J.: 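The structure follows.
Order of the sequence lines fixes the chain letters, A, B, ..., with proteins taken first and strands second; residue numbering starts at 1 for each chain. Only a predicted model underlies this, so the values are computations on that prediction, with no experimental measurement involved.
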Amino acid sequence: MNMHTFIDFIMGEMVIVSFVIFIAGTCGRLLWTFIHINKTENFIFSYLSFKYSLRSILAWLTPFLPVSSRKKPFFYSISYTFHILLFIVPIFLLSHITLFEEYLNWSWISINDTSADILTIIVILCTLFFVTRRVVVKEVKYITRTSDFVFIIIASLPFITGFLAYHQLFAYKIIMIAHVISGEIMLILIPFTRFFHMFIAPIIRAYTGSEFGNVRGAKDW
Amino acid sequence: MQETSTKDSETDTKVIDEGVEKGLKGLTPEKIELVINQVLKNETGARLKLYIDTCMRCSLCADACSFFLSNDRAPEFSPAGKVKQTLHEMIRLKGKVSKDTLRNIVRIAHTECNVCKRCSMYCPFGIDIAYMILLVRRICHKLEITPLYIQDTVNSHAATMNQMWVKEDEWIDTLQWQEEDAREEFENLRIPLDKDGADIMYSVIAPEPKFQAGLIYQSAVIHHAADINWTMPSFPGWDNSNMAMFTGDYEISGRIAKAHYEAATKLHVKKIVMGECGHAFRSVFDVGNRWMGWAMPPVDVIHAIEFYHYLLTSGRIKIKDKFKETVTLHDPCNISRGRGLHDKARELVDMLCESFIEMTPNKEHNYCCGAGGGAINCGPPWKINRMVNNREKADQIKRTGAKVLIAPCHNCHSGLEDILHYYDQDMEVKFFGDLIFNAMDKTIYKGGE
């Protein structure tokens with residue numbers, strides 16, 4: 001396989017494969033989760049309340065409503081920013097949208113390149129903060145394992161390589177390949193690793209919110 | 001800047017608990033491995049897997065824990081840190097845990113966590129860390145390494161259906177003794193035993209007949225003056241407490257709660273009113289029912305706060321003289337985080353007292369008294385540790401500057417008295433019942449007035 005066919009592959013079929021694995025893996029794991037709950041602890045369903053699930057999830061999505069977030073405003077500001085940008089930057093990046101338009105004829109609004117560039121730097125700084133926190137803050141360090149650093153690296157690589165590629169620093173082609181592959185790895189890994197917290201967290205939140213709100217008449221934030 | 005409490009020392013990790021030591025002696029590596037894996041495989045399900053697989057180890061739970069705060073933010077006292085040293089260690093080693101590690105695990109799970117669920121409110125995902133610590137206690141129970149004193153309480157529950165080895169005749173005798181005394185104040189006062197079809201069954205925890213019989217006297221007066229159609233069972237099932245729930249002895253725990261519901265159904269009462277206790281409320285309102293397959297309790301269960309609130313707002317009890325001294329209020333975990341009764345408690349304070357000062361943090365965010373979750377029941381060997389681990393609570397109380405502390409829970413009451421004494425704080429701890437008894441107009445309510 002020469003360089004061009006390899007690049008064509010990772011920017012063509014591999015993108016599709018990554019999305020298929022991501023979507024199928026996510027659906028599969030969610031389905032398995034609900035089957036597992038039903039098989040082992042189906043009482044959970046009898047306590048779930050739509051109203052209190054939603055109340056809890058919305059309360060925790062509202063910046064600085066939870067007491068926890070007010071106690072750690074710096075951490076939560078960075079965490080909120082990081083998590084929002086993790087989605088916004090890749091989804092609304094012009095060059096990503098251009099690729100979608102080229103292959104699938106889909107397009108949507110984009111953010112301009114300068115803004116994207118700044119936002120990418122912010123994401124990278126956020127990941128640096130997370131790494132530093134894991135090394136410096138003693139209660140975080142105490143429970144940190146190697147995999148926690150690996151997650152941060154995996155999540156940051158598409159942004160670091162994207163930033164380098166956009167500015168055409170170093171070997172553009174290699175960086176570009178690294179960018180595409182790291183993005184695909186991230187996508188593929190979501191259903192099979194703790195990245196899946198993006199889907200499980202609302203489920204746990206819903207259950208805890210229901211227990212606190214519906215059974216115990218208390219707030220959980 | 002607030003002055004911090006004067007006494008300070010480190011948690012002693014070398015405390016010897018005879019029950020734990022005796023249990024450890026009888027264990028073999030094979031048995032340890034077998035029991036741990038049996039519980040993990042057969043008694044856990046989706047919840048544990050989701051909690052373990054989803055925790056991002058952010059440590060935001062740390063600031064929720066008064067043990068962590070009381071120990072100068074030592075990481076091993078953070079909720080996630082405690083899970084790492086206990087449950088995670090068992091999972092990581094696939095049950096091949098050494099006796100020394102088990103000794104540590106018992107200490108952490110039983111004496112360094114009040115299973116108060118405050119950390120669930122600081123975890124952005126709402127992971128129930130208390131559930132995981134209780135799971136560790138379940139494993140310790142099955143390994144027979146539960147701390148001596150709390151195990152003795154469970155043994156009492158198993159043998160007598162009450163936690164204080166109170167015999168049936170002693171129980172009845174105590175009630176009749178209190179009735180007789182109270183009849184000096186009210187000629188026709190009764191503590192009606194086994195009255196079929198009464199509106200409410202009033203239940204207490206066993207320490208009341210054992211050494212706080214005056215509380216039963218007060219209750220009898222309150223019920224009588226409010227003209228309540230009430231009863232107390234003369235037979236086992238009268239004690240609403242449940243320490244087995246905290247040792248992971250779910251079989252005994254289920255029997256205790258079942259006896260309690262059955263007492264109520266045998267007497268055909270409309271509802272159970274429980275005295276001022278938090279953990280007992282958790283058992284009857286939230287835990288025992290689940291063990292028996294009821295989503296919610298099979299009989300209506302009312303905590304004393306709700307009951308008193310009703311008596312005062314309905315005019316059944318009239319307050320003659322409000323309490324003059326400034327009071328503060330401790331929200332017990334099991335009826336605040338556990339039942340949302342903090343607002344009613346404040347309304348009660350308002351009806352009973354002239355001056356009130358808030359403790360911060362409060363309501364759902366209040367710190368546990370440090371005695372809860374069975375910690376105080378682990379007994380004298382662990383008392384100094386409990387005091388050290390409660391520094392944050394002592395400071396929180398001190399900041400109020402109040403002279404009287406209302407604690408509508410027995411566990412909290414005893415635990416708070418301990419820390420006030422240890423940290424040389426001059427403060428009196430009271431139940432709502434004490435305040436009502438002293439402030440009420442002691443005439444008998446007549447309907448329609």
J.: Is A/W60 in contact with chain B via its backbone, its side chain, both, or neither, using a 4.5 Å heavy-atom distance?
T.: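 Contact with chain B is through the side chain of A/W60 alone.
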J.: So, does B/R57 use its side chain to make a donor-acceptor pair with the main chain of A/V140 at under 3.5 Å?
T.: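 Between the backbone of A/V140 and the side chain of B/R57 there is no qualifying donor-acceptor contact (under 3.5 Å).
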J.: Flag the pair B/T54 / A/I203 as yes when at least one side-chain heavy-atom distance between them is below 4.5 Å, and no otherwise.
T.: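 No, every pair of side-chain atoms sits at 4.5 Å or beyond.
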J.: Between chain A and each of B/K363, B/Q85, B/M296, count heavy-atom pairs under 4.5 Å; write down the option with the most.
T.: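 Top count of heavy-atom pairs under 4.5 Å with chain A: B/Q85.
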J.: Which region of A/K138, side chain (C-beta onward) or backbone (N, CA, C, O), has a non-hydrogen atom less than 4.5 Å from a non-hydrogen atom of chain B, or is it both or neither?
T.: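 A/K138 touches chain B through backbone and side-chain heavy atoms alike.
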J.: Would you call A/R194-B/D53 a salt bridge at under 4.0 Å N-O?
T.: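 No, A/R194 and B/D53 are not salt-bridged.
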J.: Out of B/R339, B/R337, B/R290, which residue meets the salt bridge (Lys or Arg N to Asp or Glu O under 4.0 Å) rule with A/E211?
T.: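 The option that passes is B/R290.
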J.: Quick one: what part of A/I57 sits under 4.5 Å from any heavy atom of chain B, side chain, backbone, both or neither?
T.: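 Contact with chain B is absent: no heavy atom of A/I57 under 4.5 Å.
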J.: Relative to chain B, which segment of A/F196 carries a heavy atom at a distance below 4.5 Å: side chain, backbone, both, or neither?
T.: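 Contact with chain B is absent: no heavy atom of A/F196 under 4.5 Å.
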J.: At a 4.5 Å cut-off on heavy atoms, which part of A/Y47 comes close to chain B: side chain, backbone, both, or neither?
T.: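 Just the side chain, heavy atoms under 4.5 Å.
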J.: Does B/D63 pair with A/K71 as a salt bridge, N-O distance under 4.0 Å?
T.: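 Between A/K71 and B/D63 there is no salt bridge, as every charged N stays at least 4.0 Å from the carboxylate O atoms.
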J.: Has the side chain of A/T40 got a donor or acceptor atom that lies under 3.5 Å from a matching backbone atom of B/G45?
T.: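 Checked: no pair found.
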J.: Does a side chain donor of either B/R47 or A/H36 reach within less than 3.5 Å of an acceptor in the other side chain?
T.: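 No.
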J.: Taking side chain as everything from C-beta outward and backbone as N, CA, C, O, which of these in A/R134 sits under 4.5 Å from a heavy atom of chain B? Side chain, backbone, both or neither.
T.: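 The side chain, not the backbone.
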